[in-house]
2 protein chains.
Amino acid sequence: MRRKTWQRDAVRDELEQQSGFVSAQGLHATLVTQGTAIGLATVYRALADLASDGDADSLQSDDGETLYRACRTDSHHHHLICRQCGRTVEIEAAAVEKWARKVASDNSFTHEYHVIDIFGLCPDCAK
Amino acid sequence: MRRKTWQRDAVRDELEQQSGFVSAQGLHATLVTQGTAIGLATVYRALADLASDGDADSLQSDDGETLYRACRTDSHHHHLICRQCGRTVEIEAAAVEKWARKVASDNSFTHEYHVIDIFGLCPDCAK
DNA sequence: CGTGCTAATGATAATCGTTGTCAAAAGTAA
DNA sequence: TTACTTTTGACAACGATTATCATTAGCACG
């Protein structure tokens with residue numbers, strides 16, 4: 001049985017506050033800076049639980065960190081992210097949304113959600 | 001100036017021998033088992049060079065390893081993943097690949113790569 | 001051929017994200 | 001309350017990767 005603790009709530013709330021993907025360490029640092037005394041291991045555990053409950057997406061960044069994002073099934077958007085400076089551009093993806101839903105239903109998968117993000121080098125960092 | 005060494009050749013040859021993705025450690029182990037005395041750090045460096053030269057693809061596995069594959073542009077694919085049991089279905093995404101590249105170039109981003117994964121509940125887990 | 005310069009190697013130490021450990025603290029049902 | 005059990009958190013441990021640095025060996029060029 002999963003118990004309700006203020007730590008889990010704090011992690012969930014802070015994750016929902018974030019616009020994009022965050023690392024466990026980053027989220028922990030944010031919480032601590034805000035005056036929330038919470039252990040790093042607890043943040044890792046809370047995020048792992050959120051991800052396995054389907055309340056968060058997770059993916060591996062190219063430098064080996066696990067990144068998390070609050071799972072928004074309603075209105076979510078995608079990002080084009082510069083891997084050098086972190087600059088992001090919001091992108092329209094209606095066609096891809098539809099494609100993702102179709103792939104899922106073609107394979108009889110339900111409760112579909114997806115992680116679609118594009119990375120690259122922005123013009124300024126390309127030189 | 002990049003010098004030619006038998007170690008780099010050994011890594012490249014062995015990588016081309018492999019059918020799918022391999023980790024640096026795995027490739028090193030294979031080489032050593034075959035009687036090739038080569039250092040682990042050298043394998044890491046050779047693979048990183050191959051990847052940055054565009055001769056190999058690299059990606060992060062879900063357990064945090066960097067995996068390498070000799071570059072074959074026709075075998076890039078994405079996954080439909082059951083978030084309950086982990087069962088995965090490989091999916092073709094040629095149209096989405098093209099879309100991702102277009103989004104990147106429309107915004108003058110170069111060296112594009114993307115994270116596209118679809119999650120859901122497979123038929124068995126849906127009940 | 002040497003000879004000199006310097007990139008590459010490899011054993012090992014260091015780093016970094018993450019997970020395991022375990023005693024203490026706190027949620028929950030009675 | 002009480003009893004039981006999960007969760008927490010400080011810290012140790014772990015595994016993949018990277019840095020260090022003395023040694024080795026490509027690769028011009030004489």
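The sequence lines fix the lettering, A, B, ..., with proteins before strands; numbering per chain opens at 1.
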> Of the nucleotides D/dT8, D/dT17, C/dT9, which one has an atom closest to the side chain of A/T42?
Replying inline: D/dT8
> Could you give the CG-to-P distance, from B/L27 to D/dT17, as a whole number of Å?
Replying inline: 12 Å
>> Please report the distance, rounded to the nearest Å, between CD1 in A/I38 and P in C/dA25.
In response: 18 Å
> Base, sugar-phosphate, or nothing: which does A/T66 touch, judged by heavy atoms less than 4.0 Å apart?
Replying inline: sugar-phosphate
>> Just so I know, are the side chains of A/T36 and A/W6 near enough to count as touching, which here means a heavy-atom distance under 4.5 Å?
In response: yes
> Of the nucleotides D/dT8, C/dT18, C/dG20, which has the atom closest to the A/E65 side chain?
Replying inline: C/dT18
>> Both B/W6 and B/L40 contact DNA chain D. Taking the nearest nucleotide for each, which residue is further toward the 5' end?
In response: B/L40
>> Contact between B/L15 and B/R12 at the side-chain level, heavy atoms closer than 4.5 Å - yes or no?
In response: no
> Atom CZ of A/R2 to atom P of D/dT7: distance rounded to whole Å?
Replying inline: 6 Å
>> For a quick check of understanding: with a heavy-atom distance under 4.0 Å over all strands, which category does B/R45 fall into, base, sugar-phosphate or nothing?
In response: base
>> Tell me whether the rings of A/Y113 and B/F119 are parallel (<30°), tilted (30 to 60°) or perpendicular (>60°).
In response: parallel
>> Nearest whole Å is fine: how far is D/dG15 C1' from A/Q60 CD?
In response: 14 Å
> How is B/Q25 classified with respect to the nucleic acid when contacts are heavy atoms under 4.0 Å: base, sugar-phosphate, or nothing?
Replying inline: base
>> Heavy-atom nearest nucleotide on DNA chain C for B/G39 versus A/L67: which residue maps closer to 5'?
In response: B/G39
> Starting at CG of B/D49 and ending at P of C/dA7, how long is that distance when rounded to a whole Å?
Replying inline: 13 Å
> How close or far is atom P of C/dG10 from atom NE2 of B/H28, stated in whole angstroms?
Replying inline: 8 Å
> Could you give the CZ-to-C1' distance, from B/R3 to D/dT23, as a whole number of Å?
Replying inline: 14 Å
>> In the structure I gave you, are the side-chain heavy atoms of B/H114 and B/E97 within less than 4.5 Å of one another anywhere?
In response: yes
> So what does A/A48 touch, heavy atoms closer than 4.0 Å: a base, only the sugar-phosphate, or nothing?
Replying inline: nothing
>> Check this one for me: any side-chain N or O of A/Q7 less than 4.0 Å away from OP1 or OP2 of D/dG9?
In response: yes
>> Less than 4.5 Å apart, side chain to side chain, heavy atoms only: is that true for B/Y68 and B/V43?
In response: no
> What integer distance in Å separates B/L31:CG from C/dT9:C1'?
Replying inline: 15 Å
>> On the nucleotide D/dT8, are OP1 or OP2 found under 4.0 Å from the side-chain N or O atoms that A/T5 carries?
In response: yes
> Is there a side-chain polar atom (N or O) of B/R8 under 4.0 Å from OP1 or OP2 of C/dA8?
Replying inline: yes
>> Taking any heavy-atom pair under 4.0 Å as a contact, classify A/A46: base, sugar-phosphate, or nothing.
In response: nothing
> Is there side-chain contact between A/D53 and A/R2, with heavy atoms separated by less than 4.5 Å?
Replying inline: yes
> Would you say a side-chain N or O of B/Y44 is under 4.0 Å from OP1 or OP2 of D/dT18?
Replying inline: no
